[in-house]
Protein chains: 2
Amino acid sequence: MHTKSEILAAAGELFSERGYHGTSMRELAKALHMRGASLYSHISAKEELLWEIVSEVADHFLALTEVVPRHISPEEQLVQLVRGHLKVIARELHYAIVFFHEWKFLEPSLLARIKVRRDAYEANFCRIIEEGARQGLFRVANPRLAALFVLSALNWTYQWFRLEGPLSVEQLADQYVAFILCMLKNGK
Amino acid sequence: MHTKSEILAAAGELFSERGYHGTSMRELAKALHMRGASLYSHISAKEELLWEIVSEVADHFLALTEVVPRHISPEEQLVQLVRGHLKVIARELHYAIVFFHEWKFLEPSLLARIKVRRDAYEANFCRIIEEGARQGLFRVANPRLAALFVLSALNWTYQWFRLEGPLSVEQLADQYVAFILCMLKNGK
DNA sequence: CCTACCGATCGGTAGG
DNA sequence: CCTACCGATCGGTAGG
């Protein structure tokens, strides 16, 4: 009757609103017009739902790293990465909320696997800004902290951005790109 | 034996690590070397703990608004606000984490009261940047979005900053102030 | 997919 | 502050 991706979508919605620990399997089942026990013919445990959601978002972020070409300038690389990052958050907002808020509830071995991907993603972000600084394109005293500052501003968008809101993802990205480049290019 | 603030401190620590719904009253009691039932001689309900923590952080943020003098320049006002904001997060990190992650679990009437304070704080932040834009001090096309961008970067610090880390709050604030002013003053 | 059920734990109260 | 206890609900299993 239901596919696993339907169950994950419903779980993403509920987990994002009520939290992982605040959502019971019976509530999830009810949203899908099932009984609680029936969920276990699709999954083996509640944590599997959390893992699949968090893992998917981590993969989408990391995939951006591979899509951005290395032969273009650090500035262009950064612009593409910022746009992609905001699109991932905006287009799968429920999953992104679960990713940012609930990943810490994964058991240690799964948590470790996510941290590896997050660190790789951040390192790539950092690398681009450092490369831009080396070329004299970005004038920034502390590239690592600048990368963290930028990523912070991007990540927080899940807190307020809504696709149904007045601002499109493209408009948001245009403005954020402008802020970020202005900050990086005019520093001392 | 225990004061209410000791109980709140322990709750802040546990709620920030395991989440509000992921922490049981018995676990909290255990951290305080008490039995679960004994907590109820200090508080009336679990939600009271969440409310007091969230409310205290909201008050500390809003208090910054009143401390910053109105007669100094928007730039100076912003610098003081940024410094104060980062200090609130850094100095009561556990409470700040609970504030940002768990406030949505308050019942509707309490949630509404927090939203009022948060909106007032954001509006003040916005006002300062808009005032700076009007004076030609900040060259920014969309002051409201610029304020959101800056607040995003500030808020996210709870995710990674630790007082025991290599960076002091003062150093962090110096760098963030530089990023923010650079961004706001050099835009077009 | 269902009904029926498991042991464990939940927030909270009674009474001292 | 404690012991003892409440009904409700938790994630998950058995068996069909």
Side-chain angles (χ1 to χ4, degrees), chain A residues 1-55 94-95 98 101-111 114, chain B residues 1-55 94-95 98 101-111 114:
Chain A
M1 198 71 166
H2 289 95
T3 65
K4 189 156 179 183
S5 66
E6 283 176 317
I7 295 172
L8 284 170
E13 202 167 326
L14 287 175
F15 290 176
S16 69
E17 284 165 8
R18 311 178 190 181
Y20 176 66
H21 290 304
T23 306
S24 74
M25 293 303 274
R26 283 163 182 80
E27 288 172 327
L28 173 58
K30 197 176 177 187
L32 291 158
H33 308 290
M34 302 165 82
R35 300 307 172 111
S38 306
L39 287 167
Y40 290 88
S41 55
H42 294 89
I43 59 161
S44 65
K46 186 186 184 185
E47 195 180 16
E48 186 183 329
L49 295 169
L50 180 58
W51 166 253
E52 299 228 359
I53 291 169
V54 166
S55 187
H94 290 138
Y95 282 23
V98 175
H101 268 212
E102 316 293 335
W103 75 346
K104 64 179 169 182
F105 300 128
L106 287 169
E107 50 133 325
S109 69
L110 296 178
L111 195 66
I114 289 298
Chain B
M1 199 73 164
H2 290 96
T3 65
K4 189 156 180 183
S5 65
E6 284 176 316
I7 295 172
L8 285 170
E13 202 167 327
L14 288 175
F15 290 175
S16 69
E17 283 165 9
R18 313 178 189 183
Y20 176 66
H21 290 304
T23 306
S24 74
M25 294 302 275
R26 282 164 182 79
E27 288 172 327
L28 173 59
K30 196 176 176 187
L32 291 158
H33 309 289
M34 304 165 82
R35 301 305 171 114
S38 305
L39 287 168
Y40 290 89
S41 57
H42 294 90
I43 57 161
S44 64
K46 188 186 183 185
E47 195 179 16
E48 184 183 329
L49 295 169
L50 180 58
W51 166 252
E52 300 227 358
I53 291 170
V54 166
S55 187
H94 290 139
Y95 283 23
V98 175
H101 269 213
E102 316 294 335
W103 74 346
K104 64 180 169 183
F105 300 129
L106 288 168
E107 50 131 325
S109 70
L110 296 178
L111 196 65
I114 289 297

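No experiment lies behind these values; they were computed from the predicted model shown. Within every chain, numbering begins at 1; the chains are lettered A, B, ... in the order of the sequence lines, protein sequences first and strands thereafter.
- Atom CE of A:Met34 and atom P of C:dC1 are 4 Å apart (whole Å).
- Look at NE2 on A:His21: it is 16 Å from C1' on D:dT9, rounded to the nearest Å.
- B:His42 comes within 4.0 angstrom of the backbone, heavy atoms only, and of no base.
- Using a 4.0 Å cut-off between a side-chain N of Lys or Arg and a carboxylate O of Asp or Glu, A:Glu48 and A:Lys4 qualify as a salt bridge.
- Look at CD1 on B:Ile43: it is 10 Å from C1' on C:dG11, rounded to the nearest Å.
- Taking the side chain of A:Ala45 as heavy atoms from C-beta on, and the options D:dG12, D:dC1, C:dG12, the nearest nucleotide is D:dG12.
- Pairing for D:dG16 is with C:dC1, a Watson-Crick or G-U wobble pair whose two hydrogen-bonding atom distances lie under 3.5 Å.
- When rounded to the nearest whole Å, the span between CE of B:Met25 and P of D:dC10 equals 18 Å.
- In terms of position along DNA chain C, the nucleotide closest to A:Gly36 lies nearer the 5' end than the nucleotide closest to the other residue of the pair B:Arg26 and A:Gly36.
- Side-chain rings of B:His2 and B:His42 stay apart, their centers remaining 6.0 Å or farther from each other.
- The pair B:Lys104-A:Glu17 does not meet the salt-bridge criterion, since no charged nitrogen lies less than 4.0 angstrom from a carboxylate oxygen.
- In this structure, A:Tyr40 places its OH atom 6 Å from P of D:dG11, rounding to the nearest Å.
- Taking atom CG of B:Leu50 as the reference point, atom P of C:dG11 lies 13 Å away to the nearest angstrom.
- In this model, the phosphate group of C:dC10 is approached by a side-chain N or O of B:Ser24 to a distance below 4.0 Å at OP1 or OP2.
- For B:Leu39 and D:dC1, the CG to P distance is 8 Å, given to the nearest whole Å.
- The side chain of A:Ser41 sits closest to C:dC1 out of C:dC1, C:dG12, D:dG12.
- Side-chain N/O atoms of A:Arg35 include one lying less than 4.0 angstrom from OP1 or OP2 on C:dT3.
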> Please walk me through it: do B:Arg18 and B:Glu27 pass side chain to side chain contact (heavy atoms under 4.5 Å, CB included)?
Replying inline: CA-CA 11 Å; B:Arg18 313 178 189 183; B:Glu27 288 172 327; 3.3 Å; yes
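- One atom, NE2 of B:His2, and another, C1' of D:dC2, lie 14 Å apart when rounded to the nearest Å.
- Ring planes of A:Tyr20 and A:Phe15: perpendicular class, angle over 60° (limits at 30 and 60°).
- As judged by a 4.0 angstrom heavy-atom cut-off over every strand, B:Ala37 is placed among the base-contacting residues.
- Candidate nucleotides D:dC10, D:dG12, D:dC1 were compared by shortest atom distance to the side chain of B:Ser38, and D:dC1 ranks first.
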